[in-house]
Amino acid sequence: MEKTLRLDKLLSDTGRWSRKEARTLIRQGRLTVDGEAVRQPELRVDPSAVALAVDGEPVCWSRYVYLMMNKPAGVLTATEDRRAPTVLDLVPEELRRPGLSPVGRLDKDTTGLLLLTDDGALNHALLSPKRHVDKVYLARIDGTVAQADVAAFRAGLTLEDGTACLPAELEGLEPGLCRVTLREGRFHQVKRMLAGRGLPVQSLRRVSMGPLILDGTLPEGAVRPLRPEEVSALMTCRER
Ligand code: URA
């Protein structure tokens with residue numbers, strides 16, 4: 001594989017600058033490569049072998065892109081669909097990459113944390129049933145969680161079609177609101193589990209996935225690259 005990349009591509013790969021912005025700041029002499037200002041956007045370097053900084057701030061290049069989305073309702077978790085908008089339609093041009101895909105799926109009406117990446121190994125690790133990565137949801141429900149519901153979730157529910165679920169956590173937060181923690185991701189699982197206990201879901205929001213927590217300042221529909229510490233935390237799932 002080609003190990004060198006153009007400087008403007010390398011900066012835009014971080015998701016912090018568009019390709020055009022990267023070219024401009026490089027020409028302005030704001031990028032340093034191993035401490036030396038370099039003004040040629042087309043210059044190729046091996047990103048794993050040089051230290052880059054913009055305005056003196058180190059720039060971390062990653063081979064893959066990792067994006068956090070606060071998914072709004074009404075958008076499909078798919079890469080393309082002819083009839084409805086998809087989560088990929090919400091990703092700004094400068095953050096798109098070949099192979100960028102959502103990690104797992106949220107229903108069309110579910111909101112909240114969605115990770116998108118072109119790192120196939122991480123995608124696989126986070127979804128693998130063997131890894132049991134926790135996914136936490138807040139659900140608005142009709143009704144109030146009782147101790148018997150908590151115990152049933154903990155013991156492992158059987159859905160109406162006979163599917164046996166892994167033990168899960170259910171916490172009643174206030175009348176009509178609960179938190180559910182799952183270690184697997186079956187189709188409509190939270191809705192089906194709660195409905196099975198006579199607690200139909202009115203709305204559902206995912207707030208975390210493994211070590212990744214939904215950024216409370218990210219508006220619905222917005223996308224941002226993960227911070228270096230968020231990527232490092234996710235890598236522990238990839239390597240387990
Ligand atoms: N469980 C559901 O029922 N829906 C989702 O979108 C995610 C988990």
Side-chain angles (χ1 to χ4, degrees), residues 67-81 83-91 100-117 122-146 149-150 152-173 176-216 218-223 234 237:
L67 305 178
M68 178 187 294
M69 174 179 291
N70 185 356
K71 180 189 171 297
V75 176
L76 286 180
T77 309
T79 47
E80 56 176 285
D81 190 272
R83 282 156 303 169
T86 73
V87 289
L88 273 207
D89 296 329
L90 298 179
V91 177
L100 184 67
S101 321
V103 179
R105 63 185 291 289
L106 294 176
D107 297 336
K108 192 173 176 189
D109 58 354
T110 300
T111 60
L113 177 64
L114 187 68
L115 171 67
L116 298 110
T117 184
L122 179 73
N123 197 326
H124 184 262
L126 288 171
L127 295 183
S128 162
K130 287 189 216 120
R131 310 270 178 143
H132 297 177
V133 173
D134 280 1
K135 287 142 219 128
V136 182
Y137 299 86
L138 290 179
R140 293 241 160 242
I141 48 175
D142 272 347
T144 300
V145 170
D149 302 318
V150 174
F153 266 58
R154 198 163 285 158
L157 276 184
T158 301
L159 299 178
E160 73 293 347
D161 63 355
T163 306
C165 299
L166 289 175
E169 294 298 318
L170 172 63
E171 266 176 276
L173 300 175
L177 181 67
C178 64
R179 178 163 42 223
V180 176
T181 305
L182 296 188
R183 292 177 189 97
E184 54 187 343
R186 298 176 189 279
F187 186 61
H188 293 334
Q189 186 165 355
V190 174
K191 292 175 187 161
R192 288 159 77 204
M193 289 174 85
L194 285 167
R197 296 298 307 172
L199 299 167
V201 170
Q202 298 309 315
S203 66
L204 190 62
R205 177 173 181 73
R206 182 157 65 191
V207 291
S208 72
M209 184 173 187
L212 194 61
I213 297 170
L214 178 64
D215 179 343
L218 195 63
E220 272 192 13
V223 181
L234 278 179
C237 301

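As the structure lists them, so they are numbered: ligands from 1, and atoms in each ligand from 1.
The shortest N/O to N/O separation between Arg192 and ligand 1 does not fall below 3.5 Å. Here's the thing with Arg105: none of its N/O atoms is less than 3.5 angstrom from an N/O atom of ligand 1. For ligand 1, the polar-atom distance check finds an N/O of His188 within less than 3.5 Å of one of the ligand's N/O atoms. Inclusion of Asp107 in the set of residues having an N or O under 3.5 Å from an N or O of ligand 1 is warranted.
In plain terms, the two heavy atoms of Asp81 and Thr86 that are nearest each other are N-CG2, 3.6 Å. Heavy atoms only, all atoms of each residue included: Ala84 and Leu76 are closest at CB-CD1, 3.8 Å. The two residues Asn123 and Pro102 make their nearest non-hydrogen contact at ND2-O, 3.5 Å.
If you number the atoms of ligand 1 from 1 as listed, the ones under 4.0 Å from a heavy atom of Thr110 come out as 4 (N), 5 (C), 6 (O). Taking a cut-off of under 4.0 Å to the non-hydrogen atoms of Leu204, the atoms of ligand 1 that pass are 1 (N), 2 (C), 3 (O), 4 (N), 5 (C).
Ligand 1 is approached by Tyr137 to a heavy-atom distance shorter than 4.0 Å.
For the pair Arg183 (side chain) and Pro167 (backbone), a donor-acceptor distance under 3.5 Å is present. Panel note: side chain Arg131, backbone Cys237; a donor-acceptor pair is recorded below 3.5 Å.
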Exercise for the section: Output, in order, the C-alpha distance, side-chain angles, deciding distance and verdict of salt bridge (Lys or Arg N to Asp or Glu O under 4.0 Å) for Lys191 and Asp109. Expected result: CA-CA 11 Å; Lys191 292 175 187 161; Asp109 58 354; 2.8 Å; yes
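Of all protein heavy atoms, the one closest to atom 1 (N) of ligand 1 is Val190 N, 3.1 Å.
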